[in-house]
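Single-structure report; data block below.
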Amino acid sequence: MWWYVGKRLLQAIPVVLGATLLIYAMVFLQPGDPILALFGEKPVSESVKAELEAQYNLDQPFIIQWLLFLGGALTGDFGLSFSGQPVADLIGRAFPVTLKLALMALVIEAVLGIIAGFYAGLRRGKIFDSTMLVVSLLVIAVPIFVLGFMLQLVFGVQLQWAPATVGGDASFQRLILPAVVLGLVSFAYVLRLTRTSVVENLGADHVRTARAKGLSETEVNRKHVLRNSLIPVVTFLGADLGTLMAGAIVTEGIFNIPGIGNLAYQAVLRGEGPTVVSVVTIMVLVYVVMSLLVDLLYAALDPRIRYA
Amino acid sequence: MTQPLLQITDLQVAFRAGKQDIPAVRGAGLTVYPGQTVAIVGESGSGKSTTAHAIIDLLPGTGHVTGGSIVFDGRDITHLKRREREAIRGSQIGLVPQDPMSNLNPLVRVGKQIKESLEANGVARGKAADKRVVELLEEAGLPDAASRARQFPHEYSGGMRQRALIAMGLAARPKLLIADEPTSALDVTVQKQILDHLETLTTDLGVAVLLITHDLGLAAERADHLVVMYKGQVVESGPALQILKNPQHPYSQRLISSAPSLASQRLTSQLRAEVRESSVKTAGEIAAEIVAEGELGGEVTDAVVEAKNLTKVFKLPGGAPGRSIDFTAVDDVSFRLRRGTTTAIVGESGSGKSTVARMVLDLLEPTSGSVEFDGIDITTLRDKKQQLAFRRRVQPVFQNPYASLDPMYSIYRSIEEPLRTHKIGSDKEREAKIRDLLDKVSLPSAVMRRFPSELSGGQRQRVAIARALALDPEVVILDEAVSALDVLVQAQILTLLNDLQAELGLSYLFITHDLAVVRQIADDVLVMQNGKVVEQATVTEVFDRPREEYTRKLLDAIPGGSIELAS
Amino acid sequence: MPDMTPLPGQTIYVAPTDGTPLEETGTVDTSAPPEGQWKEAWKQLRSNWIFWVSAVLLVIIFIVVLFPGLFTDINPRQAQLSRSLEGPSADHWFGFDRQGYDVFSRVVYGARASVTVGILTMLFVTVVGLLTGAVAGFYGKWVDTAISRVADIFFAIPLILGAIVLLSTLNNVWSNRGYWGGVLAVVLVLAVFGWPQMTRIARGAVLEIKSLEFIDAARAIGATKRSNLWRHVIPNSLAPVIVTATVSLGVYIVAEATLSFLGIGLPPSVVSWGNDIAAAQSQVRSGNNLHVLFFPAGALAITVLSFMLLGDAVRDALDPKAKKS
């Protein structure tokens with residue numbers, strides 16, 4: 001098992017390197033003067049330009065720049081933002097907010113999605129099932145920013161049940177509404193996945209055997225159908241944490257949440273290359289770690305899977 | 001006089017498809033007395049399993065009882081409320097299902113699954129139940145029951161799983177046990193052990209058994225009373241031996257004459273000799289012709305294929321990266337396939353027989369050893385033209401009639417593919433050839449435009465044979481080619497293969513797990529076990545004077561083999 | 001063997017032969033026309049009302065995309081400031097937005113950009129994903145490792161985040177790109193980060209098909225690896241790829257709208273649902289003027305829904321598991 005973890009981590013190295021190189025190239029490998037490009041229309045003084053060039057190693061060849069960035073990143077040094085703050089500090093402040101938001105969204109989508117999907121699967125073809133399928137399709141079809149905006153309008157502005165925006169105070173209560181918005185799309189996927197999985201398991205031979213043993217319908221559903229159906233759902237949820245954190249960019253924009261998505265978005269708009277690259281690097285790491293965890297989780301849930 | 005335990009009268013079961021009911025069981029009736037073993041015999045689609053599942057109301061999908069009655073222990077159980085139904089399952093009627101691989105929940109420890117049965121039927125709870133689980137597993141013949149109970153299903157072999165399922169079915173001591181093809185997914189030797197054990201156990205406990213099987217020999221050997229089903233109806237029922245010796249209904253007659261385990265030995269060996277004589281003669285002429293043309297080189301010997309010390313080692317991933325475990329699938333196998341004859345390779349799963357077939361086909365490279373075709377080592381054929389020439393002369397037919405034809409190709413295209421690949425003939429000539437081939441395998445030319453999904457398993461296998469014959473090969477490798485077919489279809493295909501051999505002088509390498517069918521088609525036999533050849537002899541020697549313990553075990557395991565038929 | 005006198009109910013019974021005539025096992029039903037896999041799938045599809053609902057909707061949407069002039073003669077770029085934010089009326093069904101644009105006209109003309117982005121991205125992703133996935137799965141070994149690792153790299157970068165970064169770079173190097181340039185840029189960016197998903201699906205399907213016996217049979221005939229790949233493996237792996245492609249089309253339309261909402265997708269000059277929804281946000285702040293948001297968002301949702309429903313119907317028709325029952 002530890003061999004497997006080690007092997008997977010080794011395999012992750014080229015992925016992380018490749019992804020950062022890719023993003024680094026997208027941001028910095030542009031024709032023309034990168035500094036001028038970064039500043040766009042704004043005038044830049046020679047001294048600032050020289051200073052920036054030295055700071056971001058722009059006087060070095062591209063690959064060296066990237067290697068230097070990587071070297072820094074390994075020691076937790078992501079360089080400075082244009083406002084002079086260490087990027088690491090910015091990320092350090094924004095990351096927990098997004099993580100909190102994403103985890104809340106994950107819990108909401110998991111609980112609601114599994115319950116709704118389970119009952120929809122058991123009552124396949126009945127009213128509840130059809131309603132849930134329509135709801136899930138609608139949630140996927142309407143863009144999240146429209147949904148978010150509508151919920152903000154209804155619950156935040158009109159009914160005033162929850163604060164319309166979050167701002168600097170990323171407390172649990174203020175994050176509930178955004179977390180619901182963030183979790184909505186995934187809720188639809190969890191629902192559909194659970195439903196499919198339940199329907200499949202209901203037809204499984206071992207479920208029939210469990211019935212033949214004399215177990216009651218409730219026991220069969222709880223001990224055999226639900227449990228076996230949860231495996232694909234749990235692995236989906238694991239992988240979804242990364243997607244939620246990256247997808248938070250829209251939700252954070254609507255509710256003005258000082259999270260990592262907002263940070264990245266502002267940095268892209270301002271052309272702050274180092275911040276952008278750093279945030280994406282962090283997200284890639286989250287993805288890589290989560291997919292490893294999902295695989296291990298899978299092995300923990302399903303005794304048939306043994307990694308070697 | 002005892003009362004019947006189970007009495008089914010005029011049972012009708014249908015599956016709902018859209019707005020209409022499609023009948024699956026049409027007026028079936030049978031009676032089981034306490035402690036008795038009754039067998040329902042039939043091919044796939046006969047309604048035998050559906051009848052069994054209707055008894056405990058576990059019909060799959062849209063199946064439902066539309067008429068008739070099921071009386072169990074003096075009580076009509078045809079239409080019960082959910083709770084009443086659950087009360088009967090397990091404690092009154094137990095089930096041993098068909099496929100041991102899919103019938104245990106893979107995520108739950110085996111012991112726990114048996115314990116559930118005890119608890120659901122109020123037999124025992126908690127610690128007492130745990131203790132009982134171990135006793136039940138021991139009773140089912142599982143060694144090391146205490147530690148085995150804590151294991152998961154995937155840590156069990158197929159036979160062990162079936163034992164666990166038997167323990168589960170008998171856990172609450174039901175009065176009736178429905179055994180639905182309990183061993184058809186297992187190797188023959190394991191099959192016999194498990195059936196023997198089940199028989200002893202149910203006799204000791206006085207449990208009645210309703211045995212569902214496709215194997216007439218097995219049914220006759222194990223049951224007192226036989227019910228033959230065909231197309232949802234009971235066509236004949238009565239005392240097992242009586243039906244076997246004197247079948248009345250034409251379907252039962254056909255079934256009995258087709259069952260390989262029951263087929264008369266003297267008759268088959270005589271027929272076989274005639275086939276061989278004609279085939280060897282034709283094959284010799286063809287070979288002489290080919291050598292005269294000098295296409296492949298080599299010379300006519302009496303062995304068309306000769307395998308020398310074939311060995312295949314697979315590298316399996318080991319416990320650590322970079323390390324691997326060597327698994328020897330085929331270990332030093334040598335044999336000669338005489339021109340115009342059939343050599344059978346017999347073995348249970350994991351014996352390496354199919355790996356040998358793949359190496360002879362040059363689909364897999366041997367680790368060491370060689371396959372010689374007309375005296376030429378096929379691994380030396382690196383020249384493209386020579387390779388194609390080799391492919392023309394050796395063709396395969398595989399086991400699974402559902403996977404061996406491309407579902408997107410029409411029958412015409414499937415058979416045409418080899419001709420096209422070898423650029424043989426014009427479009428017109430190819431069509432004529434395909435018509436001829438379909439005629440050879442006794443299929444109407446109307447199937448040409450059909451697709452595999454529209455044909456039955458036996459018809460697909462005929463198409464696969466036609467495709468294999470398209471290139472006029474000398475050798476056909478039949479890899480479990482009749483194993484997935486129903487008995488009647490199996491018998492038809494075997495007859496077809498014999499006819500083709502006699503007519504075309506083909507040489508067959510016949511790979512099978514079923515020793516019973518070997519007598520009908522083979523001349524020489526190789527018995528394989530764990531990658532090694534344990535016995536190599538002619539068919540008559542193997543059947544009449546087996547030298548090895550393992551061969552004897554295989555022979556003993558043929559269901560119904562011991563029953564003497566007066567024909 | 002117990003004594004041979006049969007118990008009641010177990011006497012010998014032989015069914016009358018005419019009740020169950022024996023059937024020849026070799027007969028072929030020639031009454032119906034032959035059916036290939038696709039034809040059978042089409043038959044399934046035809047009997048599914050969901051398919052018809054989505055098909056009708058999609059046909060209407062495609063007509064709107066190709067001939068917007070059929071539905072309105074108002075120019076979507078013609079501002080009537082005097083009628084700014086006017087609500088829906090008999091003449092102007094969807095009302096006006098803040099600039100005084102006719103919302104109905106904007107919705108009609110906006111369809112083209114959204115649907116084009118969706119379709120082109122889907123085509124790119126499907127072709128690249130299918131080819132890479134099929135080659136990786138079929139040839140295995142180092143080819144598989146190489147393709148899979150590269151796909152992993154692109155997959156590890158979140159779609160929207162990566163798209164924003166790449167688009168902002170494109171904005172710098174290719175700023176004046178006009179209508180089709182703008183559409184193409186979004187397509188390229190979505191395709192760059194979208195293909196690995198299809199690669200994985202295609203690879204999985206190919207691995208499954210590759211192990212079937214008819215592939216071995218074709219090899220034994222002497223067919224080359226390449227002809228095997230093209231003639232047998234790829235055609236048989238298409239089903240899951242087609243299903244994913246149909247469903248993902250909707251996802252890409254939403255992604256385009258999201259990028260436009262973030263102000264980085266299509267240039268503002270392009271009339272598109274995403275741009276109009278983004279612009280609508282600031283006009284609906286207080287809860288009034290909902291029509292400005294409702295109609296473009298509704299049009300987008302209906303389009304995406306149609307593709308999703310089509311995908312569901314196609315899945316039901318092609319899924320071998322569904323077929324068995």
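Here is how names work: the chains are called A, B, and so on, in the same order as the sequence lines, proteins then strands, and each is numbered from 1.
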Smallest separation among heavy atoms of B:Ser404 and C:Phe214, with atom names: O-CB, 3.3 Å
Atom pair CG (C:Asp216) and CG (B:Leu364), whose distance is rounded to the nearest 0.5 Å: 9.5 Å
Minimum-distance pair of heavy atoms, taken over all atoms of C:Leu212 and B:Ala403: CD2-CB, 4.0 Å
Engaged part of B:Phe15 at the chain C interface, taking heavy atoms whose separation is under 4.5 Å: neither
Residues B:Leu361, C:Arg219; criterion side chain to side chain contact (heavy atoms under 4.5 Å, CB included); working and verdict: CA-CA 9 Å; B:Leu361 278 165; C:Arg219 278 181 64 199; over 6 Å; no
Smallest separation among heavy atoms of B:Gln395 and C:Ala220, with atom names: NE2-O, 3.1 Å
Give the table of side-chain donor-acceptor pairs shorter than 3.5 Å for residues 117-127 of chain C, with sequence neighbours excluded, one pair per line with atom names and distance.
from, atom 1, to, atom 2, distance (Å)
C:Thr121, OG1, C:Val117, O, 2.5
C:Thr126, OG1, C:Met122, O, 2.6

Chain C contact via B:Val227 - which portion, at a heavy-atom distance below 4.5 Å: neither
Pairs of heavy atoms under 4.5 Å with chain C: top-ranked of B:Asp406, B:Leu226, B:Thr421: B:Asp406
Residue part contacting chain C, namely of B:Leu388, when any heavy atom lies under 4.5 Å: side chain
Residue selection (most heavy-atom pairs with chain C, distance under 4.5 Å) from B:Leu405, B:Thr9, B:Ile243: B:Leu405
Chain B contact residues among residues 227-238 of chain C, heavy-atom distance under 4.5 Å: C:Arg231, C:His232, C:Pro235, C:Asn236
Contacting region of B:Gln399 [heavy-atom separation from chain C under 4.5 Å]: both
B:Val397 versus chain C, the contacting section by heavy-atom distance below 4.5 Å: neither
Verdict with supporting geometry, B:His422 and C:Ile221, side chain to side chain contact (heavy atoms under 4.5 Å, CB included): CA-CA 8 Å; B:His422 288 263; C:Ile221 282 164; 4.2 Å; yes
Residue pairs passing the side chain to side chain donor-acceptor pair (under 3.5 Å) test where at least one lies in residues 134-146 of chain C, sequence neighbours excluded: C:Asp144-C:Ser148, C:Asp144-C:Arg203
Contacts of type ring pair (Phe, Tyr, Trp, His ring centres under 6.0 Å), residue B:Tyr412, not counting sequence neighbours: none
Segment of B:Pro418 engaging chain C (4.5 angstrom heavy-atom cut-off): both
C:Glu208 atom CD: more than 12 heavy-atom contacts under 6.0 Å: no
Winner by heavy-atom pair count (cut-off under 4.5 Å) against chain C, out of B:Gln7, B:Glu417, B:Gln387: B:Glu417
Per-residue contact mode, B:Ser410 against chain C (heavy atom under 4.5 angstrom): neither
